[in-house]
Amino acid sequence: MENKHFIRTIIENDLKSGKHERPITRFPPEPNGFLHLGHARAIIMNHNLAKDYRGTFNLRFDDTNPLTEDALFVEGMKEDIAWLGCHWDNLFFASDYFEEMYERAMVLVKKGKAYVCDLSAEDIKATRGDLTTPGTDSPYRDRRVEENIRLFEAMRAGAFEDGACVLRAKIDMASPNMNMRDPVIYRIQHSSHHNTKDAWCIYPMYDFAHPLEDAIEGITHSLCTLEFEDHRPIYDWYVEHCEMPKVPRQIEFGKLIIAHQVTGKRFIRQLVEAGVVDGWDDPRLITLSGLRRRGVPPEAIHRFVQALGLPKTEGETDVEMFNEYVRDVMHATAPRIHAVLDPLKVVITNYEGDVETVMNAPFHKDDETFGARPVHFGRELYIERSDFLPDKPDKHWKRLSLGLEVRLMHAYFIRAESFDTDDRGQVETVYCTYDKRTKSGSGFKERKPNGTIHFLEATSAKTATFHLFENLVDPDKDDSLPLEARLNPHSKQAFSGFVEAGVPFEEGDAFQFTRNGYFAVDRDASEDRPVFNRVVALKSSFKAPGRKKRT
RNA sequence: UGGGCUAUGGCCAAGUGGUUAAGGCAUCGGACUUUGACUCCGACAUCGGUGGUUCGAAUCCACCUAGCCCAGCCA
């Protein structure tokens with residue numbers, strides 16, 4: 001169950017005191033990029049808070065800057081949020097409120113709380129002061145109200161060039177909070193907006209627009225991240241002085257940061273352009289679309305986010321914690337089948353006759369509703385190359401070696417007798433004998449095998465491609481190095497191997513390939529050659545021979 | 001050096017004056033095992049520091065230290 005975080009407490013108190021009957025929350029992304037796992041916290045929390053207290057959850061695109069926004073991003077974000085299962089009660093755009101925002105700004109102008117300032121951007125910066133020294137008043141600060149009205153109307157009407165002037169709030173140039181030093185309300189920007197096209201040439205700034213958007217929608221609890229904490233005074237100032245009938249409350253929480261992951265837009269764009277990743281939905285990225293393509297179940301994201309709660313601290317969470325929730329969900333939902341990623345041929349020298357069906361093996365040992373599928377056995381098999389070593393390296397080795405017997409899962413015990421190598425000395429074929437009496441399900445107990453490995457009968461196996469992923473960024477490299485110097489060259493590995501035939505593979509279908517991990521069918525798969533992405537590996541306490549560390 | 005915020009084990013995170021200081025991840029033992037998986041047992045912190053208030057403090061006060069955010073006509 002989710003931690004009862006401080007925001008729940010606030011909402012419950014507001015409900016109890018009668019301040020609000022129902023909470024109204026919103027997720028307000030700017031449509032200028034992609035959503036990633038970090039955003040999932042905000043999406044899910046806003047969504048669940050509304051749902052749990054029978055309130056309303058709005059999806060609102062905060063599209064107040066036509067220079068960086070695009071309708072394409074709107075569609076992408078809607079798709080990602082819907083995939084997460086966070087269904088919004090209302091879909092809004094900040095740009096739908098442009099007229100009301102303008103009128104509210106005019107209220108400020110008429111009250112003498114805002115003025116048109118002709119200072120250049122550089123001069124505004126120069127007169128703002130800095131962290132320790134107060135700013136100085138603009139020479140335009142005391143313009144008459146009538147003149148401000150006329151000028152602001154002219155701004156809207158397109159009388160001025162970009163940057164010629166701005167509308168500013170008249171607050172306090174000496175405030176220790178930089179946000180209160182006569183912040184800009186409207187800037188002139190002659191450019192086409194994805195939604196309002198050319199209707200406007202002035203656009204409101206975030207600090208002014210956001211509280212009004214919240215107030216207009218009647219948002220009760222406006223959640224945002226910590227860096228907006230010192231914007232709260234300006235948020236409240238605009239709600240009050242613009243005379244908004246409804247008063248939303250801004251509450252800040254900590255961002256969800258996953259250690260050693262790439263989320264920066266510019267950097268991802270570079271990686272895409274350089275061909276390092278396949279796109280914003282590359283399975284190595286923790287963008288929501290990347291996670292979806294990799295095959296991560298949305299349920300895992302929900303559980304992860306809820307386990308973390310909504311703290312006011314900002315830490316870096318280890319991806320392993322996320323991976324554990326992915327395994328958790330897939331453990332329960334993924335059918336088990338066999339796949340050999342890196343095949344090594346095995347010949348059963350004492351096997352005579354045709355391929356046989358050994359048994360019907362369950363798709364899920366703990367849940368018979370998954371059903372079963374036939375397992376084939378024959379003279380030629382494939383096992384995982386890493387499951388054979390000529391000489392048993394140490395007492396922990398639970399796989400195949402010369403003279404040792406292992407169980408082939410759902411089939412027989414086999415004993416390795418000899419092997420061939422190719423001209424490079426690499427093992428080519430392992431010759432084994434099998435013992436008919438050890439058939440799976442027979443209850444044979446006379447000998448204990450040296451472990452259990454998975455396999456595929458050669459003639460019935462289906463060829464397939466497997467993608468294995470590691471962190472895009474090498475976590476062991478010094479964090480002070482630039483990201484490009486920390487890229488992991490092995491972040492994606494492709495294997496050509498085999499998978500059980502007879503199971504249909506459709507895009508997105510997820511499986512556990514026994515002993516190899518959880519995999520999902522990639523969209524690039526074709527009828528005769530499926531492509532699988534490894535969603536997450538199985539946990540393993542296997543210690544590679546000669547090593548102390550687990551791998 | 002101005003303002004805002006944060007500080008609980010390797011990583012997250014509960015805890016709001018009296019608890020053996022939850023839980024998850026990771027790690028280390030061990031049991032079980034037709035997945036070295038799962039499951040199951042067990043190990044693993046005195047709460048940034050110092051001083052105070054109190055019968056009693058991670059929880060209250062003071063001071064200190066460390067980290068994060070703020071000087072876009074971005075959001």
Side-chain angles (χ1 to χ4, degrees), chain A residues 1 3-6 9 28-30 32 62-65 67-69 94 117 119-122 124-126 128-135 162-168 174-181 183-189 202-203 205-207 209-210 224-233 252 254-256 259 303-304 307-309 311-325 327-328 331-332 336 338 361 365-366 396-399 406-411 413 438 440-441 449 451-454 512-517 537-543 550:
Chain A
M1 186 55 202
N3 289 328
K4 185 175 165 185
H5 47 75
F6 75 105
T9 306
E30 181 187 20
N32 70 344
D62 202 1
D63 53 350
T64 57
N65 183 359
L67 261 26
T68 57
E69 294 151 9
C117 179
L119 249 26
S120 67
E122 299 73 58
I124 287 182
K125 182 180 165 70
R128 184 154 31 223
D130 62 29
L131 298 181
T132 51
T133 64
D162 289 1
C165 55
V166 291
L167 183 71
R168 286 229 254 175
S175 172
N177 182 344
M178 300 295 291
N179 299 119
M180 301 299 272
R181 320 246 260 226
V184 173
I185 299 174
Y186 268 95
R187 78 279 204 177
I188 300 172
Q189 186 58 248
I202 57 172
Y203 292 93
M205 298 291 290
Y206 168 86
D207 277 330
H210 208 85
C224 66
T225 46
L226 258 23
E227 67 266 34
F228 291 103
E229 251 166 341
D230 50 18
H231 291 241
R232 202 185 324 131
E252 310 84 10
K255 241 185 205 129
L256 202 202
R303 289 203 207 167
F304 172 62
L308 292 173
K312 203 133 155 64
T313 52
E314 215 166 45
E316 291 200 340
T317 301
D318 193 329
V319 252
E320 263 317 300
M321 184 164 166
F322 175 61
N323 287 157
E324 192 52 23
Y325 285 93
R327 287 187 198 100
D328 235 39
H331 172 73
R336 276 65 167 158
H338 292 180
K365 201 179 61 180
D366 306 324
H396 303 295
W397 181 252
K398 291 172 69 178
R399 305 180 185 184
V406 295
R407 181 198 302 278
L408 293 183
M409 201 185 298
H410 307 312
F413 288 12
T438 60
S440 276
T452 300
I453 64 174
H454 60 99
Q512 184 197 99
F513 292 155
T514 306
R515 301 208 306 137
N516 273 319
L538 253 22
K539 273 203 286 198
S540 172
S541 56
F542 173 65
K543 296 175 177 91
R550 294 180 174 194

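Per chain, numbering begins at 1; letters A, B, ... match sequence-line order.
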Taking only side-chain N and O atoms of A/Ser175, does any of them lie within less than 4.0 angstrom of OP1 or OP2 on B/G3? no

Heavy-atom closest pair, residues A/Leu538 and A/Asn516: CD2-N, 4.1 Å

Does A/Ser120 have a side-chain nitrogen or oxygen under 4.0 Å from the phosphate oxygens OP1 or OP2 of B/C73? no

For A/Thr132 and for A/Asp207, locate the closest nucleotide of RNA chain B by heavy-atom distance; then report the residue assigned to the nucleotide nearer the 5' terminus. A/Thr132

Set of side-chain contact (heavy atoms from CB on, under 4.5 Å) partners for A/Phe228, sequence neighbours left out: A/Tyr206, A/Cys224, A/Thr225, A/His231, A/Gln250

Between CZ of A/Arg232 and C1' of B/G4 the distance, given in whole Å, is 9 Å

Opposite nucleotide pairing with B/G9, Watson-Crick or G-U, both atom distances under 3.5 Å: none

Could you tell me the separation between the CD atom of A/Glu316 and the C1' atom of B/U6, rounded to a whole number of Å? 15 Å

For the P atoms, the ones on B/U6 and on B/C61, what distance do you get once it is rounded to whole angstrom? 13 Å

For B/G72, glycosidic torsion class - syn if within 90° of 0, otherwise anti: syn

Can you tell me how far P in B/G15 sits from the matching atom in B/A7, rounded to whole Å? 12 Å

Holding to side-chain contact (heavy atoms from CB on, under 4.5 Å), I want the full list of residues that pass it with A/Lys539, two or more places apart in sequence or in another chain. A/Glu324, A/Arg327

Under 4.0 Å protein heavy-atom contact, by nucleotide of nucleotides 30-36 of chain B - B base, S sugar-phosphate only: ---BBBB

Testing the basics here: between A/Val184 and A/Met205, what is the closest heavy-atom pair and its distance to 0.1 Å? O-CG, 3.3 Å

Between B/G24 and B/G56, how far apart are the P atoms? Round to whole Å, please. 34 Å

B/C25 to B/A58 separation - C1' atoms, rounded to the nearest Å: 23 Å

With both distances under 3.5 angstrom, what nucleotide forms a Watson-Crick or G-U wobble pair with B/A22? none

Side chain of A/Pro311 (C-beta onward), nearest among B/A13, B/G24, B/A75: B/A13

Does any non-hydrogen side-chain atom of A/Ile188 lie less than 4.5 Å from one of A/Val166? no

Rounded to whole Å, the NZ-P distance (A/Lys312 to B/C12) equals 18 Å

B/G42 pairs with which nucleotide, Watson-Crick or G-U wobble, both distances below 3.5 Å? B/C28

Which whole number of Å gives the distance between the P atom of B/G23 and that of B/A43? 11 Å

So which heavy atom on A/Glu30 is nearest to which on A/Thr68, and how close? OE2-OG1, 3.0 Å

Closest contact, heavy atoms only, A/Arg181 versus A/Gly129: NH2-C, 3.8 Å

Are any of A/Arg181's side-chain N or O atoms less than 4.0 Å away from OP1 or OP2 of B/G2? no

To the nearest Å, give me how far apart CD (A/Glu320) and C1' (B/C12) are. 13 Å

Counting the atoms with a prime plus P, OP1 and OP2 as sugar-phosphate, which does A/Gly163 contact under 4.0 Å by heavy atoms, base, sugar-phosphate, or nothing? base

side-chain contact (heavy atoms from CB on, under 4.5 Å) against A/Pro176, all qualifying residues, sequence neighbours excluded: none

Rounded to whole angstrom, note down the P distance from B/U1 over to B/C44. 42 Å

Distance in angstrom units between A/Glu229 CD and B/U6 C1', rounded: 9 Å

Does any N or O in the side chain of A/Asp318 come within less than 3.5 Å of the main-chain N or O of A/Met321, such that one atom is a donor and the other an acceptor? no

Return the set of residues passing side-chain hydrogen bond (donor to acceptor under 3.5 Å, both in side chains) with A/Thr9 (not counting sequence neighbours), or none when no residue passes. none

At under 4.0 Å between heavy atoms, what does A/Leu119 touch on the DNA or RNA strands: base, sugar-phosphate, or nothing? base

Can you tell me the distance, in whole Å, between the OH atom of A/Tyr325 and the C1' atom of B/A26? 13 Å

To check you understand the geometry: which heavy-atom pair defines the closest contact between A/Leu131 and A/Met178, and what is its length? CD2-CG, 4.1 Å

Applying the Watson-Crick and G-U wobble criteria at under 3.5 Å, what pairs with B/G17? Answer none if nothing qualifies. none

Mate of B/C60 across any strand shown (Watson-Crick or G-U wobble, both atom pairs under 3.5 Å) is B/G52

How long is the line joining CG of A/Asp318 and P of B/C12, in whole Å? 9 Å

Where is the tightest heavy-atom contact between A/Ala209 and A/Thr64, given as atom of each residue plus distance? CB-CG2, 4.0 Å

Would you list the protein and nucleotides 66-72 of chain B atom pairs, both N or O, that sit under 3.5 Å from each other?
{"unit_1": "B/A71", "atom_1": "O2'", "unit_2": "A/Arg128", "atom_2": "NE", "d": "3.2"}
{"unit_1": "B/G72", "atom_1": "OP1", "unit_2": "A/Lys125", "atom_2": "NZ", "d": "3.4"}
{"unit_1": "B/G72", "atom_1": "OP2", "unit_2": "A/Arg128", "atom_2": "NH2", "d": "3.2"}

Identify whether any heavy atom of A/Ile124 sits under 4.0 Å from a base atom; if not, whether one sits that close to sugar-phosphate; answer base, sugar-phosphate or nothing. base

Rounded to whole Å, please give me the gap between CG in A/Leu256 and P in B/C11. 16 Å

5'-most contact on RNA chain B: A/Thr9 or A/Ala164, nearest heavy atom basis? A/Thr9

Work out how far the C1' atom of B/A21 is from that of B/C28, and round it to whole angstrom. 22 Å

Using the P atom on both, measure B/G9 against B/U59 and round to a whole Å. 15 Å

